[in-house]
Amino acid sequence: MTHPPAPLTDPGDRLSVLLLRADHTVLAASTGLTDLLGLPLPTGEHLPPGLLDLPSGAALPPQVTLRGPLSTVACRTVPLGGPDEAALLLAEHDLAATILDPLPLDVAVLDDQGRYVYVNPAAVQSADVRRTIIGLTDREYVTRRGHPPERAEIREHHFAQARGSGQCVSFTETFSTPTGPITLHRTYVPLRSPEGTLRLMIGFGEDQTQDRSHAEQMNLLRTMVDTSVDPLLVLDARPGEQHLRVVYGNPAMLDLLRHHGMEQLPDLPMPQWPMAEGNTVNILALLAQLTGLPVGSSYRDTLFLPDAQQWLEVHVNGILDADTCTHWAISLRDVTAQRQGELQQERVTRAHRLALTGAALPETLSLLLQGVDRFEIGWQLGLLIADTPLQTVGPLPAGLTLAAQHLDGDLLRQHWHVLDPEREGLPQTCPDLERSPSPLHAALRGAVRALIEIPLYGRDGQLLGSLLAAHATPHAWTADLPATLRHLEPSAAMLLEQHLNQARLQRLAYHDPLTDLLSRAALSERAAAQLTAGEPLALGLLDLERFRFLNDGFGHAVGDQLLRELAARLTTLAARHDLRGVARMGGDEFGLLVHPNQIDALSTDLRALFDEPFEVRGTPLLLEGSLGWSVAPATAHDAQTLLQQADAALYGAKRAQQFSQIYAPAPPARIPSVTMESALRESLRDRHFRLVYQPQVHLATGQLVGAEALLRWTHPTLGPVTPDQFIPVAELAGLMPRLGEWVLRTACQEVTRFSNPHLSVSVNVSSRQLSDPTFSDRVRQALADSGLHPQRLVLEVTESGLIDNPTRVHEVLQNLRDLGVRVSMDDFGTGYASLFSLRSLPVDELKIDRAFVRDLGQDTQAARESQAIVMASVLMARALDIELLAEGVETTEQERALREAGCDLGQGWLYARALDPDDFDTFEQTWPARLLGERPGPTPATAPASGTLRD
């Protein structure tokens, strides 16, 4: 007779499981199952006859039925291994699959001997491992899995404790995982029979990793605040007696207070602190700004403490309780050195502008040195000029000035001959003149006791004077003051400024000080290294639209804040895409180095980056940008070309009103050299070349004074070929003399047909042409055949042509200048022989390279450096009585900066692109300021050069 299944009055209080070998031998049976069936199932014995409707040893199907004296139990079979291993039978009414399996809590069930009869997925994720653990003790499982045996020992101890006491036992486990340490709070709950014997042990664990991690994070946060080098404080914002009291200050804040004479944090509202009057006034003004802040907003400002000559950058954030601001968290950063550097740079700029107006050297240097002693207390700075008698400039001690009037210039020259025999130009320090063997120091020690000196040399290596910092007492100083003198040296000796600026550019820091991104130089160096290693590379240039108007409208502080926030977003984006470099290139332009296959995804994310507003003082602002890409080795093979192409793509995107554009050269594929050489010879024979003319404008008057002739080549088969492609091939093939002569003769003939008979034409001359003994005669013949007046012809010479055979070149150029032809040095400032050439070669004009024009007109460090270089070039040009022409002028801001610096001429897209002869003549006739008379002819001078027939 078949008995109906026994009902479960409390199905959740026990598990009904049976563990069998393949031969149907009982390995384990839970009390819940034996109670349901109404018969015992001893371990190690075969199943009783009739309990299972299968022959002994037969394989178990997925569903089986156990028929006992009390009930029939339907079970599902869970294989635990191969055909010769065990199987687990679970009663279908068992709630493990429906209740315990889905639980996120770590749950396991063990029998009275500590063998696992059930483990849920939260405890062991792998189904294979869960099958393996059934029937094993903790020690057996740990041994099989290779875990530390201590884990099993701890669990066995607490299992025995719970079994013996009949009470719940809790303990903590910590173990390592690939993602970090995990901490579990584990509990054993014993289930006992009415007689008190253990039937089952339920174990569960709770993950406490997050709580522990939070505590560690709080501890790290406190440590970070306490060890911060920036002063941090919390100020009470609630009204009442506690208003404006400091409730917390970190150790750095206490150090700052000691600097102002307070040994501990005053238990007073901040307005009542015992500080100097000037400092208190500015602090009160800052606190007044806080009381009017909107709830939840932040505040940033710079606090100047005049009595301490200290600048502090202040960042304030409100701490809210519900919707009420109860405290202000304030971060202070000492920016005194940065501010002093900015003021010093302002003085340098003013001194340069004063020098351009023709002011005397003493007046200019007095402005340059003015106010430095405010930052270096007790030190007085000035200039000692190597004249007879010695002269002083600047606020030096009166006794030193008087003593210098009785000294000879040779004494100063001998002094530096001993201190600086190699003419290295480094600062020299003397803490006490009483101990110095120098005769100069002996003559000055009655007026001063300590000196820091730096020599000033001229172009010819002769000593011009010394830059001095004097102190009335023996003094030990920091490295700041010698560094200040080193910085002022180029402005005190302007004839050396070009060289010093180039040296300083090479020492530029590799990180942008505003955004902490890579600098332009660092990104270029990184790109060059990766290209040298043969890695594919893409460079993206990102530029903000109309950022200048935002700067003008909101102020530079807001502009800087926006640039920092954009830099932070770019840094996050760089980490997400694993970019190779992110840099601030200058102003509002940023550069990104990536793998070429990242361009599409990154362009999409960059566009999305501007969909999120930028918050400025609580106001959301939406910005727009443009993006240009160049790819190596597809279109570029060096860092400079990569940057130029990305810049061209950026401007292409702006013109097309697109967010992103990838540089596409024309033609897309490089023409083989042998093919191009053959085509060049064919085009020289069949006249496939033509000239275009780019206007040159006098910056002060706006007059159109001339044009540069630029070579263009369109082959019948190859199509348009750019100069940077065919010029190197022509040089290697020895075709440059023929090509250069064609350009010279054609330019002379075409310019004579212009309506204006006074416009000049500039023609590039290669080094091969300059080396030709007949070159002067060829120029004379071209002028004679065309009828062009010699003063209308300007020959642009290259640096290589100047230094290959300087004696021969000097003779050729002087002969041409005697004829009336003008000589120009192209790309001035980019070569190594420029200053030497200025001294030795006859040159009438310098062309400033476009690299020094690009950043002009912007409020950036790069722009200030370029402005200084232009100013230095102007001074040298004035001294040598030669003209200065800037190429690459594209914006009105660049034009204004060049004009204010005193540059004579400009050339670039701001006026016009290169035009065909007829178009240029039409353009000239409509130009507002036409050239009405002849320009002066060449005057004796010396100068450098670089350039080719390239555009």
By the salt bridge (charged side-chain N to carboxylate O under 4.0 Å, His left out) test, which pairs, at least two apart or in different chains, include something from residues 586-597? none

Using only atom types and a distance under 3.5 Å, with no angle test, would you say the side chain of D844 pairs donor to acceptor with the backbone of V823? yes

For residues S626 and D543, is any side-chain donor paired with an opposing acceptor at under 3.5 Å? no

Can you give each donor-acceptor pair under 3.5 Å made by side-chain atoms of residues 528-536, sequence neighbours left out, with the distance rounded to 0.1 Å?
residue, atom, partner, partner atom, Å
Q530, OE1, R580, NH1, 3.2
T532, OG1, A528, O, 2.7
E535, OE1, R580, NH1, 3.4

How close do Y693 and A707 get, counting heavy atoms only, and between which atoms? CB-CB, 3.9 Å

Could you tell me which residues satisfy side-chain hydrogen bond (donor to acceptor under 3.5 Å, both in side chains) with R899, sequence neighbours excluded, listed by chain and number? none

Do T641 and D638 meet the criterion of a side-chain donor-acceptor pair at a distance under 3.5 Å? yes

Sidechain-backbone polar pair: R584 side chain, G587 backbone, donor-acceptor under 3.5 Å: yes

Sub-3.5 Å donor-acceptor pair from the side chain of H595 to the main-chain atoms of N597, do we have one? yes

If every non-hydrogen atom of G857 is compared with every non-hydrogen atom of A897, which pair is closest and at what distance? N-CB, 4.1 Å

Distance only, no hydrogens: is a donor on one side chain within 3.5 Å (strictly under) of an acceptor on the other, for E796 and S824? no

For the CG atom of L793 and the CZ atom of R822, what is their distance to the nearest 0.5 Å? 10.5 Å

Using distance alone, with no hydrogens and no angle criterion, decide if Q907 and E708 have a side-chain donor and acceptor under 3.5 Å apart. yes

Nearest non-hydrogen partners of G581 and L523, listed with the distance: C-CD1, 4.0 Å

Looking at Q749, is its backbone amide N or carbonyl O close enough to the side chain of T752 to form a donor-acceptor pair, meaning the two atoms are under 3.5 Å apart? yes

Using distance alone, with no hydrogens and no angle criterion, decide if Q861 and E865 have a side-chain donor and acceptor under 3.5 Å apart. yes

Output all residues satisfying salt bridge (charged side-chain N to carboxylate O under 4.0 Å, His left out) with R854, sequence neighbours left out; order by chain, then residue number. D647

Show me the donor-acceptor pairs within less than 3.5 Å that the side chains of residues 910-920 make with the rest of the protein, sequence neighbours left out.
residue, atom, partner, partner atom, Å
Y911, OH, E895, OE2, 2.9
D916, OD1, R690, NH1, 2.7

Donor-acceptor side-chain pairing of Q645 and S630 below 3.5 angstrom: no

Can you confirm whether Q658 is buried at CD, in the sense that more than 12 heavy atoms of other residues, nucleotides or ligands lie under 6.0 Å from that atom? yes

The complete set of salt bridge (charged side-chain N to carboxylate O under 4.0 Å, His left out) pairs with one or both residues in residues 782-791, sequence neighbours excluded, reads R745-D785

Closest heavy-atom pair, V594 versus I599, reported as atoms and distance to 0.1 Å, is CG2-CG1, 4.4 Å

Just checking, is any N or O donor in the side chain of W713 or T722 under 3.5 Å from an acceptor N or O on the other one? no

Is a side-chain N or O of D686 found less than 3.5 angstrom from the main chain of H688, in a donor-acceptor match? no

Do we see a donor-acceptor contact under 3.5 Å between the side chains of D777 and Q781? no

